[in-house]
Q: 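Pasting a structure here, questions to come.
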Number of protein chains: 2
Amino acid sequence: MVTISDIASALGVTPSTVSRALAGSPRVKAETRAAVDEMARKMGYERNIMASNLRKGRSDIVGVVVPLINREFFANIIGGAESVLNAAGYNVLICQTKESFESEVKALRTLRNYHVAAIMISHSIESENGDHIREIIGERMPLVQFDRVFPDLPGAKIVGENFEGAYKATKYLIEQGYKRIGTLAGYMTCLLYRERLEGYRKAIEDSGMEYDESIVFHDTIVYDKGRESCLKAIDAGCDALYSAGDFSALGAIDELKLHGIDIPSRFGIIGTANESFTALMTPSLSSLGQHPYEMGQAAARAFLEGRTDTEVIPMELLLRQSSNRNNDIQCQK
Amino acid sequence: MVTISDIASALGVTPSTVSRALAGSPRVKAETRAAVDEMARKMGYERNIMASNLRKGRSDIVGVVVPLINREFFANIIGGAESVLNAAGYNVLICQTKESFESEVKALRTLRNYHVAAIMISHSIESENGDHIREIIGERMPLVQFDRVFPDLPGAKIVGENFEGAYKATKYLIEQGYKRIGTLAGYMTCLLYRERLEGYRKAIEDSGMEYDESIVFHDTIVYDKGRESCLKAIDAGCDALYSAGDFSALGAIDELKLHGIDIPSRFGIIGTANESFTALMTPSLSSLGQHPYEMGQAAARAFLEGRTDTEVIPMELLLRQSSNRNNDIQCQK
DNA sequence: AACAAATATACAAACGTTTGTATTATTCTC
DNA sequence: GAGAATAATACAAACGTTTGTATATTTGTT
C-alpha cells in the first residue's frame with residue numbers, strides 16, 4: 001500500500017505537505033499541489049480512511065439499524081438516507097436486528113466501537129424502551145430515530161403521520177358503507193401502532209359507531225396472525241378491517257378467499273405501508289402508503305443539519321380494489 | 001472516550017498489559033486479566049476498532065456491492081452473507097450501485113480505502129467487464145463474486161444453475177403443450193443471462209422446435225420492457241414466454257390481460273428469481289427460484305475458507321398458475 | 001543459596017494520517 | 001538592500017491500538 005510518506009519521499013517533501021496538498025489546503029503552493037496530485041495518481045495512492053478517521057477523531061460512517069433489510073419499506077429508507085449521506089461524503093453501515101433486542105444491543109455496540117458519525121435507528125419489536133440505546137451510545141453521539149421511535153430519547157425523530165393516516169383509512173371504509181370495522185392493530189409497545197389505533201378509534205367514534213375492544217386485534221402484523229385474527233373478525237361479524245400492516249392484511253385476504261367471502265363487496269380491507277405486492281395481487285390491496293425514501297432522506301438531513309426536532313412525513317391513502325365497495329374509484333397501480 | 005491507557009493508569013499497569021489482557025493473551029496472569037476486565041467494564045471501555053484495525057493492518061469489515069438493495073433477491077443474499085460473517089466476527093458494509101458503472105467504481109474505491117477484509121460483488125448491468133474491479137482492488141484483496149460474475153476475474157464465484165434452470169423452465173412450457181415459446185432474455189453483457197438463453201435454446205432445439213431469433217427479446221428485464229416485448233411476442237404468434245426475470249414477466253402478464261388473452265390456457269409464462277410478489281398475484285406467476293440466502297451464505301463461506309473455486313447454487317422451478325395449462329399441478333405458494 | 005528457566009510485565013515503536021508550531025524562503029515596503 | 005510581512009514548507013506530536021523485545025519477578029533445580 002502506498003502512503004503519503006511514499007509520495008513525500010518520491011517528491012522530496014514532507015508527509016505533512018503531501019497531506020495538506022491532497023486536502024487542497026491553501027497553505028501549499030499550487031505547483032506543489034499539482035506535483036503531489038500527479039504523483040499520487042501515478043503511484044496509485046488511496047487514503048487510508050481508518051488512519052484518517054483515527055487522527056481526526058471522527059468517522060465518515062453513519063450506522064443505520066433496521067429491524068429487517070428485506071422489507072421494501074426499510075430498504076427504501078436506507079436508499080433515501082444513503083443518497084443524501086453519500087452526497088455529503090458519508091458511508092452507511094447497515095445492521096439488521098431481525099426484530100431481536102439482543103441483536104439490537106450488539107449492533108449498537110459495534111457501531112459505537114466504530115465511533116460512527118451518527119446512529120440512525122428504527123428499533124426492534126422486542127425493544128420495549130430506549131434505555132439500552134441511551135446507555136450504549138452515550139451523550140455525544142448524534143441519534144436519529146425513524147418510523148419506530150422512543151419519544152423520550154434525545155435527538156431527531158422522523159415519523160409517519162400515523163394518527164391522521166389511520167383516521168383517513170378508517171373513515172374511508174366507513175364512507176364506503178362498511179358497518180362493522182375491526183382493526184389489525186400491531187404491537188402496542190410501538191408508539192406508531194398505538195397512534196394508528198388512536199386514529200382508527202377516533203374515526204370510529206366520530207361517525208357515531210361504538211369502539212369495540214373485541215374487534216381490535218393486537219400484535220397482528222405478520223401474515224399468519226393476519227389470517228388468525230381475520231377468522232375471529234369474521235366470527236365477530238366484521239365486514240371490514242383496517243390493518244396497521246400490509247402482510248397481516250394479506251393474510252386476512254387469503255383467509256377471506258378461503259371462506260369465499262367476496263372482496264370488496266362483502267368485506268373491505270385497507271393495509272398499511274404500500275409494499276409493492278399490494279398493487280400486484282388480486283384483488284389489489286388498498287394501502288396507507290408511507291414515503292420511505294423521503295423518510296430516509298429526512299433522517300439523513302436531520303443529522304447533517306444537526307436538528308433534533310421531530311419531523312412528520314405524510315401518509316397517503318392509496319385506493320385499490322380491496323376497499324372499493326361502491327366502485328367509485330379508478331384503480332391505480 | 002475511555003482508552004486502554006486510562007484502564008492501565010487506573011490499575012497501575014501498562015497499556016500493553018491491558019491490551020493483552022483484553023485479548024485474552026496467556027502472557028498475562030489470570031488475576032491481572034480479571035482485574036483489567038473488571039475495570040474495563042466499570043469504566044465502560046469499548047475498543048476503538050479503527051485504531052485496532054490500523055495497527056493490525058487489517059479490517060473486520062467485509063464490503064458487499066449490489067446493484068439494488070431493495071430487490072428481495074439481493075436483500076436476501078445480504079442477509080445470508082451477514083449471518084455467516086457476523087458469526088465469524090465480521091461486519092458488513094453495504095454499497096448499492098443502482099446499476100451504474102460509475103457508482104460501482106466509487107463503491108469499490110471507498111471499500112478499498114477502508115482496507116476491508118474482502119469484497120463481495122454482483123456487478124452492475126452497465127459494467128461490461130471486470131477491468132475496473134481488477135484495477136481497483138489489486139492483487140491482494142480477497143474477492144468473491146456472486147450471481148453476476150465476470151469469469152476471467154480471480155477469486156471465488158457463486159452462481160446460479162442458470163443453464164439447467166432455464167432449460168427446465170422452457171422444457172416445462174413445452175411439455176404443457178405450448179407451441180411457440182419466446183424468451184425475455186435479459187442483458188447479454190451478463191453471463192448469467194447468456195447462460196439462461198443457452199438453456200432456453202437447448203430446450204427448444206432438443207424438442208425439435210426451431211430456435212427463432214425473432215422471438216428472443218434482449219435487454220428485457222424491467223416491467224416496461226416486459227410489456228413492450230410481450231406485445232411483439234403476441235404479434236409474432238407466441239403462446240408462451242420464458243422470462244429471465246420476474247419483473248419483465250409481470251409486465252408481460254399485464255400486457256396479456258390488457259389484450260384479454262387468458263393465462264395459462266392461451267398463453268403460458270414462467271419468470272425467474274421467485275420475487276415474493278410472484279406467489280401473490282393473480283394468476284400467480286411460476287418462477288425459476290433462486291436461493292439467495294444460501295447464495296449469500298456460500299459467498300461468505302468462500303471468503304472465510306479462502307476458497308477461489310466456483311460454486312453453483314441450484315435453481316428450483318416453482319410451478320404456479322401462469323404455466324399450468326394442463327391443470328396438472330396443485331398450486332403452491 | 002546460587003543459577004537457570006519460566007512467567008509476568010514494562011518499554012517503545014509502529015500503523016497512516018492530521019495539524020499546531022517552528023523554520024525557512026519569498027515578496028514587499030521605504 | 002535591510003527589515004517586516006507573508007508564503008511555503010518542515011518538524012514533531014498525536015489519535016488508540018498492537019506487538020516484538022527487554023526487563024523484572026517468580027519458580028524450580030542442584
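Residue numbering restarts at 1 for every chain, and letters A, B, ... go by the order of the sequence lines. Worth saying up front: this structure is predicted, and the values here are computed from it rather than measured.
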Q: Which residues within residues 43-56 of chain A lie with some heavy atom under 4.0 Å of an atom in DNA chain D?
A: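 DNA chain D contact set from residues 43-56 of chain A: A/Leu54, A/Arg55.
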Q: Could you list all the side-chain hydrogen bond (donor to acceptor under 3.5 Å, both in side chains) pairs where at least one residue sits in residues 20-30 of chain A, not counting sequence neighbours?
A: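 Every pair satisfying side-chain hydrogen bond (donor to acceptor under 3.5 Å, both in side chains) with a residue in residues 20-30 of chain A: there are none.
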Q: Quick one: list whatever passes salt bridge (Lys or Arg N to Asp or Glu O under 4.0 Å) with A/Arg58, sequence neighbours left out.
A: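 By the salt bridge (Lys or Arg N to Asp or Glu O under 4.0 Å) rule, A/Arg58 matches no residue at all.
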Q: I'd like a list of close polar pairs between nucleotides 24-28 of chain D and the protein, N/O only, cut-off under 3.5 Å.
A:
none

Q: Using a cut-off of under 3.5 Å, enumerate the N/O to N/O pairs linking the protein to nucleotides 21-26 of chain C.
A:
unit_1	atom_1	unit_2	atom_2	d
C/dT21	O4	A/Arg27	NH2	2.4

Q: Name all residues meeting the side-chain hydrogen bond (donor to acceptor under 3.5 Å, both in side chains) criterion together with A/Asn162; count only those two or more places apart in sequence or in a different chain, and write none if there are none.
A: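 Listed in chain order: A/Glu195, A/Arg196.
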Q: With sequence neighbours excluded, what pairs up with B/Arg71 under the salt bridge (Lys or Arg N to Asp or Glu O under 4.0 Å) test?
A: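 Applying salt bridge (Lys or Arg N to Asp or Glu O under 4.0 Å) to B/Arg71 gives none.
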Q: In chain order, what residues pass the ring-ring contact (aromatic ring centres under 6.0 Å, His included) check against A/Phe74, with sequence neighbours excluded?
A: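 Expected list: none.
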Q: Which residues satisfy the ring-ring contact (aromatic ring centres under 6.0 Å, His included) test with A/His132, sequence neighbours excluded?
A: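 If we apply the ring-ring contact (aromatic ring centres under 6.0 Å, His included) test to A/His132, skipping adjacent residues, the hits are A/Phe101.
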Q: Taking atom types as modelled, is there a side-chain donor on B/Ser127 or B/Ser124 under 3.5 Å from an acceptor on the other?
A: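 Checked: B/Ser127/B/Ser124 side chains pair up, N/O donor to acceptor below 3.5 Å.
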Q: Enumerate the residues from residues 6-16 of chain A whose closest heavy atom to DNA chain D is under 4.0 Å, giving them by residue number; use none for an empty result.
A: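 Per residue number, the list reads A/Gly12, A/Val13, A/Thr14, A/Ser16.
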Q: By the salt bridge (charged side-chain N to carboxylate O under 4.0 Å, His left out) test, which pairs, at least two apart or in different chains, include something from residues 137-149 of chain A?
A: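 Counting only pairs at least two positions apart or across chains, the salt bridge (charged side-chain N to carboxylate O under 4.0 Å, His left out) contacts touching residues 137-149 of chain A are A/Glu99-A/Arg148.
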Q: Among residues 28-35 of chain A, which residues get a heavy atom nearer than 4.0 Å to DNA chain D?
A: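 Contacts with DNA chain D under 4.0 Å: A/Val28, A/Lys29, A/Thr32.
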